[in-house]
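What follows is a set of notes on a single structure, which appears directly below.
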Amino acid sequence: MTGAPLKILVVDDEPPIRKLLRMGLGAQGYETIEAPNGKTGLELLGEAPDLVILDLGLPDMDGLDVLRAMRARSEAVPIVVLSSRGDEAGKVAALDLGADDYVTKPFGMDELLARLRAALRHQLQTQGERPIFRVGDLSVDLVRRIVRLHDQDVKLSPKEYDLLRLMVQHAGKVLTHRFLLGELWDQFTDAQYLRVYVRQLRQKIEDDPERPQYVLTETGIGYRLKSPDA
Amino acid sequence: MTEDWSRQDRRPSPEALLETARLEDSPHGKLRIFVGAAPGVGKTYAMLQAAQARKADGADIIIGVVETHGRKETEALVGGLEVFPRQRIEYKGQWLEEMDLDGLIKRHPKIAIVDELAHTNAPGSRHPKRYQDVLELLENGISVYTAVNIQHIESLNDVVAQITHVRVRETVPDAVFDRADAVELIDLTPDDLIQRLKEGKVYVPDQAQRALEQFFSPANLTALRELALRRTAERVDDQLLTQMQARAIPGPWAAGERVLVCISEDPRAAGLVRYAKRLADRLHVPWTGLYVESRRSVQLTEEQRDRLADTLRLVETLGGEPVTIPDSDRRIADNVIGFAEANNIAHIIIGKSTRTFWFEWMHGSVVHELVRKAGNISVHVIAGTQEDAGPARPVNAGAAPRQVQVRPYLGALLAVAVALGAGLLIEPWLGYESANLVFLTAVVGIAARFGLGPSLLASVAASLCYNFFFLPPVYTFTITDPTNVAAFFFFIVMAVIVSNVAARGRTLAVAATARARTTDQLYAFSRKLAGIGTLDDVLWAMAYQIASMLKVRVVLLLPTEAGELAVKGAYPPEDFLDDADLAAARWAFQSNRSAGRGADTLPGAKRLFLPMRTDRGVLGVIGIDNDRSGPIFTPDQRRLLDALIDQGTVAIERVRLVEDMQGVRRTMEAEKLRSALLTSISHDLKTPLASVLGAAGALRGLDASLSHEEKDDLIGTIIDESERLNRFIANLLDMTRLESGAVLPNKALQDLNEIVGSALRRAEKILAGHKVDLDLAKDLPMLDLDAVLTEQALFNLLDNAAKYAPEGSTITLRSERHGGSEILQVIDEGDGIPPDDIERIFDKFYRTRKADQVRAGTGLGLAISRGFIEAMGGTITASNRIDRSGAVFTITLPVPEQSLPMDTAA
């Protein structure tokens, strides 16, 4: 990891939001560049930021179009979208188009920062994997395929393990139903199969399966594995 | 009176001012009439010349209809002008061509040329006469050039007929002629005209060849020419007078002295009316047509009644005021004089009497009495020409063929017998002469009681008895005795006089009773209407009343919401109108004039349609029909009909106003409710904002004096209250979506328990002060739900529970299978729900009355929960716990058929 501060491109038309992010991210040691609309956002992509925060409600272009254009130019840069309440369809569409995560307005800084970190971690993780993933009382060793809860081994079926592994690899990031189905079966399988497996997984690795702490439901969108530093 | 006159005339008369204003600013089209004294003077030619000149100026001028009659010069003038195609109307198997009025109005030229103003349109046209078409064109803002011969002017009709012995049937009302904005007299000397006739330049219909030769005599033509000149000059006079009155210049003409013409059923009355108009025009005064009802009026035949009605209509058409006064006990002449004196009449016009000498001797002559009693009023006695055959013999109208009643005659004989007895009784004391008087009494009594016939019989019987029993020699008939003859004679005379008086009294009584009955019926109708509340009832009552009082069939049409006329009431009940009737009804509604049978417009319709007027405009149309032919109403009946229609219209208006008022009241109440809600919502939104602003302001302003904990606390307030505000706004948005039908559940098979888990996570902060207990059934089948809606519905229930359950208490969530459904319950340990509110809590904005530690919500949460759950086919109910105090909210959701139970593994 280099010593230079990470550069974050903020694309949002509202000055108060941009100010908030500038201050909040700045306080965390991030450097920010700002774009008030989609066109400028695409231009500033040329400055190779480490992460993009993209508001879906832009004045000049449809946020999803900006997203598509950005992904076309850069496959790898993490993009977190800002969307409003009730727009589940928009969030799913953004994630399917390649966004890494979403934050619903109005958002708290904590939540945003957690998601930024999760998105960046995935980025960083490609540069060297941590051997064992730990969150709370749960530990997952991806190399040796061992899952432990409260230092007790947990037996998972192959599918259950695959599911958990996927989530660990994207820990802290939201994974859409479609993505999970696509990885585990094929994306046209009915989502209810996924739910069955999630439930079974929760039965095994959650202290209280009815009130899960690790495998979190993002209603209408997908699932998220809680990240250790969230 | 003279000083009144001079004082009055100083001020500009309002009518004159209005007239001048109308002429100057009218949006109506301008009418220019080309008048000629006789056919062939060149009116059409002059008209077309003027048209060509205007066209050269660039005016949009088209020909509506022009008759060239094959004359080459006239046809040449048509060239270059746009001729509007005529419409073809089928009539009795033939195709007739008439001016296309609607087409012309739509085309809306600046000027239209319409020849032959007096032409009668083919049946099936909108108006029976072309001048009515012209009036409609003018009303629509199209100016018109038209041509007419002087003999077609209504008021001159008789005069021309007298001059030429050719009566022209097609007439144009004077009002149209006077209304023209410009009149051009096309003048030709009689010699020139005759020359033209010889040269074949005059239009001559073949059949009338001979008549026209007679028509075109120099004497005739001269007279006609003078007539045309004079009439045109009168018009100029009128215009001048109008101008002078508008400027308050006193003229030399007498004002304030009016003309009266006496109208009867006599066929010559029409001629009298026209004379009256000419006289009134010359004097520039208003005029009145007066009909005095007498007991003869009830004896008129149908034909006479119709003629009378026509004459009264003619008065109106010519610009006079028709007046009918009911009979009082005075003589007709006295009635007329009385009216004349009361109305400032200076001239009375009456027709020369055609009654026989005897009649006049017996009944008196109205004319003579009038002349005698008129005082300062001039009486013009006019001998008219006989138009039709002599007057029909009056028949007792309406009387069924009377069978000869026997009883009165028997009664008469009986009375005579009684008188005989009485006479015999008193004879010894008073002598035989007094028996006379007894018999006389009997005769008089019979006359008064039984009328003329029986009293005549009584006279004969009494005189015979008198002769036989009393006159010496007694018990013999000595007819030649002068006493007897005298007695007989006087009996007869008494009988006739008394029975006449009695009969007149009876007739008057009958008429008075009929009138009283009518008045009673009107009164009863009016009271009935006052008590009716709905529109349908009013219409029915109106139709029934008119139908029964006037013996006609009635249809009532009112506009629907869409603006189309529809039958809303009828007696006898029916609702079908054929096309002609519908057209007439619509026209009557739109132009606020009568149309249909017997009227000026669309007379081919089956019914007569009259508009129902209020001061807010035309309310609807009433259609009347009966089985007889000819005009439907006499003037009497028409008055009665008008009274009934007015009453009905007022009642309809009243019902409508009541409905409007109720509508307004409802709107006002809805407004009140809405504004109360807005006040409530704005309060709920402002309260958290107030906290936020307050806390932020304190942080800024009191920064130095606050401890770290205090600052932290204030920041916590800002975050909490903002989140609360966020939830409120979310609720409002959800409610709006529900109201506008924009909630479309995105259903898929979901795990209910999973949704419970995510709802709990979202509500973690709200539920921080409570214990949450889960009692969820395992292995429940998946449900067909929209996850987001269900989570929100559940979240609202949790929010609600947190508000109403005391801190530290337990909130339980239960789920279980119930046959074909799954139920999910949220159970709290609060005070429960008051029984009255169990259903009402799901109403929008409803909040139960509670102690003040309850933090208010918008009152929308439960309504939204219900809305969302129901949108997915489920139900949600509230109840109270049985084991202890607390509320139970139960969501019931149906289990779909093909659903995986949760424990299968692929």
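Throughout, protein chains are lettered first and strands after them, A, B, ... in sequence-line order, and every chain is numbered starting at 1.
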Subject >> Per-residue contact mode, A:Gln213 against chain B (heavy atom under 4.5 angstrom) >> reply: neither
**OP:** Look at B:Asp734, B:Leu813, B:Ile719 and state which one has the largest set of heavy-atom pairs under 4.5 Å with chain A.
**Re:** B:Asp734
Original post:
Contact part of B:Glu723 toward chain A, heavy-atom cut-off under 4.5 Å: side chain, backbone, both or neither?
Top reply: neither
**OP:** Report yes or no: do B:Thr890 and B:Arg814 form a side-chain donor-acceptor pair below 3.5 Å?
**Re:** no
Subject >> Proximal component of B:Ala730, with respect to chain A [non-hydrogen, under 4.5 Å] >> reply: both
Subject >> B:Asp828 with B:Arg881: basic N within carboxylate O range, under 4.0 Å >> reply: no
Original post:
Would you call A:Lys173-A:Asp101 a salt bridge at under 4.0 Å N-O?
Top reply: no
Original post:
Using non-hydrogen atoms only, which part of A:Leu216 is less than 4.5 Å away from chain B: side chain, backbone, both, or neither?
Top reply: both
Original post:
Looking only at side chains, do A:His150 and A:Asp207 share a donor and an acceptor under 3.5 Å apart?
Top reply: yes
Original post:
Non-hydrogen atoms of chain B under 4.5 Å away: do they reach the side chain of A:Glu210, the backbone, both or neither?
Top reply: both
Original post:
Is the closest basic N to carboxylate O distance between B:Glu764 and B:Arg761 below 4.0 Å?
Top reply: no
